[in-house]
Number of protein chains: 2
Amino acid sequence: MASDAQPTPVFAKPVTLREVAATAGVSVATASKALNGQGRMTAETRERIRETAQRLGFRPNSLAQSLLRRRSFTVGLLTNDTYGRFSLPLMAGVSDALVDAGVSVFLCNVEDDPRLGQLHVDAMLDKRVDGIIATGKRIDRHLPVDLSNLGIPAIYAFTQPDPGAIAFVSDDAGGARLAVEHFCRLGRRRIAHVTGPASFAVVHARAQAYRDVLAENGLPAAEPLLGSWSEAWGHEAVGTLFDGKREAPDAVFCGNDQIARGVIDALRERGIDVPDEVGVIGFDNWEIVAEATRPPLTSVDMNLAALGREAGLTLLSLVGGQPAEPGLRKLPCRLVVRQSCGRPLGG
Amino acid sequence: MASDAQPTPVFAKPVTLREVAATAGVSVATASKALNGQGRMTAETRERIRETAQRLGFRPNSLAQSLLRRRSFTVGLLTNDTYGRFSLPLMAGVSDALVDAGVSVFLCNVEDDPRLGQLHVDAMLDKRVDGIIATGKRIDRHLPVDLSNLGIPAIYAFTQPDPGAIAFVSDDAGGARLAVEHFCRLGRRRIAHVTGPASFAVVHARAQAYRDVLAENGLPAAEPLLGSWSEAWGHEAVGTLFDGKREAPDAVFCGNDQIARGVIDALRERGIDVPDEVGVIGFDNWEIVAEATRPPLTSVDMNLAALGREAGLTLLSLVGGQPAEPGLRKLPCRLVVRQSCGRPLGG
DNA sequence: AAAGCTTGGGAAAAGGTTTTCTCAAAGGAG
DNA sequence: CTCCTTTGAGAAAACCTTTTCCCAAGCTTT
């Protein structure tokens, strides 16, 4: 073995099947079949070839295999979520679903730039990805790419799909129900809703669910307070809710964890106890925020990893030729209970 | 099989060079040369072939090209930073550096699981990536993978490298200097340092720089307060700093933005004004936190995108056969000034 | 007019693997 | 002893592109 004598890292050529075959004294065809458990040969021959491949450190060239099989065992993941707040859990789920099938993931950040999007989509197509998953940071906006008529399957996850496509999204209304119903169960009667801007579809979906649950429970529905997704807005909204002109709420359901954080901070500044006087629930379950609030924040988790997992598995079956019904699939959220809601009132 | 009568979109076979050649009435060799600007032929022939390729929507099969060129134009990015706090800016930089060279990035999250690491490294090797970049969430910990003797170049960025490898890291001492010198320039005299646990190498590097700058400026150095990276610790540390037994600081340099956030909140609770009475600087410039603090937080930015860019470019030159000196390359940090330090005192 | 050069384009190999044929030898049946 | 079947393994095509060599025709030079 000459490879012992290299001082600087010399990048050795990988060993090929041809070399394995030559070393084992068989043809490449036989070697291939031996390693893949195909064909017929004596157990002794098969074992000898396997042992040789092992010893030489042979690994089949995936490029050659892909060329032949017309499948690259790669998929592209497109995102415009630069900070990865939503992308990363989702990506982890996708990757988790695919790694067992030997499929790797190209991550492409397209920002909101159609040129960059086209660039990356072209690169994916050139590399013959088996499929594409598009993901974003909000459900009601389309990525700056056109994924129709690409010749390969595309799946949308947590982003606005093309018509006729398959998309996985979180069930925002369901998530909101979880939160408000939780408040109801705990005996809260005056539940407020502080959320993001009206330009977001989820704001309306969640607000409607909020109203529905209150109606179902015979509770008064205050008009949701729309603002921005920021801590500052949560802080400010408390000023509106507790201005003394109206009956103060005993629970606040917030559109995201940052708003909830702002709400909790503002309540503390006013000397209002959380959770004893007012319960607070957030949305997104952004752990690093939810766990840092005092008290730790109960929050709705969108199960993005599971969403990614489902998207990955569905893409896989699509690539495998299985037909799949187009349409929007809503995946349930779950409520992560921490300490910002307390125990049942008067219970 | 019901899949014969396609209800779902049929995925058409991509058009090959052979088809382009046949359509244009030339050989594949000529077609290839025409499209790559190689070989000699009449301008008319070349143009006809180009036009045909265009019309048919031909795109060269990257797999076949890679097989021939023995370069896949892909690299693997390994990370254990699940939340992507550090990985994503870094990844954006890597991607940015590589996209122009037509190189795509496989993102692999290996958690801290050696088995998962091996799985992903094997997958990368099978897919014949041209190189690998390893990145993590702290500089003094090694990823659970062995990247030596892989036969392809590997670069480390923001993680502990193997000996003899090339690594890019942030200059933490330099970053700390920036922060403390900024305080000095503003006329702060009693500068405290609240930072993370002693188990982190960066804690010591920054603390030493903190002491050095104070010594250089003839200022008293208090012992740095070591704790966790959390808001809660920042909050708690204020209790220690402002216990009345010692002279209260007029500036706090924090080990990260969350600590700084905790410090600022605690100061507000005590009625101590930031920045008038006490200036605060954070580390990491995690914008979503830094901009949400009141007042917005001045923070040291590690330039992770630039780090990723450098790592990407270096890997590219390594892949291209250029030699490169092994060793640790420290890239400078920069101070992002917001409003938590105020203007020069008495200025 | 013969020899050499240029021009335009094609044949074929290479890259590494899988799969379908094909074939020789050995064994069994009649 | 001949014919057929099974067994074990190899040859070659296929996947798609690039590149090196090669060749024929037309042109120039002497």
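All chains are named by letter (A, B, ...) in the order of the sequence lines, taking the proteins before the strands, and each is independently numbered beginning at 1.
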Salt-bridge contact A:Asp112-A:Arg141 (side-chain N to carboxylate O under 4.0 Å): no
Between B:Asn36 and D:dT18, does any side-chain N or O lie under 4.0 Å from OP1 or OP2? yes
Rounded to the Å, how far apart are A:Leu67 CG and C:dA14 P? 17 Å
If you check every side-chain atom of A:Thr16, which of C:dT18, C:dT17, C:dA14 has the closest atom? C:dT17
In whole Å, what is the span from the CZ atom of A:Arg40 to the P atom of C:dT22? 15 Å
At less than 3.5 Å, do the side-chain atoms of A:Lys33 and the base atoms of D:dG8 form a donor-acceptor pair? no
I'd like to check B:Gln54 versus B:Arg50 (side-chain heavy atoms, cut-off strictly below 4.5 Å). Are they in contact? no
From C-beta outward on A:Arg18, which listed nucleotide comes closest to its side chain: D:dA9, D:dT17, C:dT17? C:dT17
D:dT18 C1' sits how many Å from B:Leu63 CG, rounded? 15 Å
Judged by nearest nucleotide, the residue sitting upstream toward the 5' end of DNA chain C, B:Leu68 or A:Gln38, is B:Leu68
C:dG15, D:dA9, C:dG10: which one has an atom nearest the side-chain heavy atoms of B:Ser27? C:dG10
May I ask you to decide if the ring planes of B:Phe106 and A:Phe106 are parallel, tilted or perpendicular, using 30° and 60° as cut-offs? parallel
By nearest atom, which of the nucleotides C:dT19, D:dG8, C:dG9 is closest to the A:Ser32 side chain? C:dT19
Winner on side-chain proximity to B:Leu17, out of D:dG8, D:dT18, D:dG10, is D:dT18
Roughly how many Å is it from CZ in A:Arg69 to C1' in D:dC16, rounded to a whole number? 17 Å
Determine whether more than 12 heavy atoms belonging to other residues, nucleotides or ligands lie under 6.0 Å from atom NZ of A:Lys330. no
Please state how far atom CG in A:Asp126 lies from atom C1' in D:dT17, giving the value in whole angstrom units. 13 Å
Whole-Å distance separating the CZ atom of B:Arg71 from the C1' atom of D:dT17: 17 Å
How close or far is atom P of C:dT17 from atom CG of A:Leu35, stated in whole angstroms? 10 Å
B:Glu44 CD to C:dG8 P, in whole Å, measures 11 Å
Answer whether the closest heavy-atom distance between the side chains of B:Val169 and B:Met302 falls below 4.5 Å. no
Counting heavy atoms from C-beta on, name the nucleotide in D:dG10, C:dT17, D:dT19 closest to the side chain of B:Ala29. D:dT19
Among D:dT17, C:dG16, D:dG8, the one nearest any side-chain atom of B:Gln65 is D:dT17
Proximity to the side chain of A:Thr42 - top-ranked nucleotide from D:dA9, C:dT18, D:dA12: D:dA9
Report yes if a side-chain nitrogen or oxygen of A:Thr45 is closer than 4.0 Å to either non-bridging phosphate oxygen (OP1 or OP2) of D:dA9; otherwise report no. yes
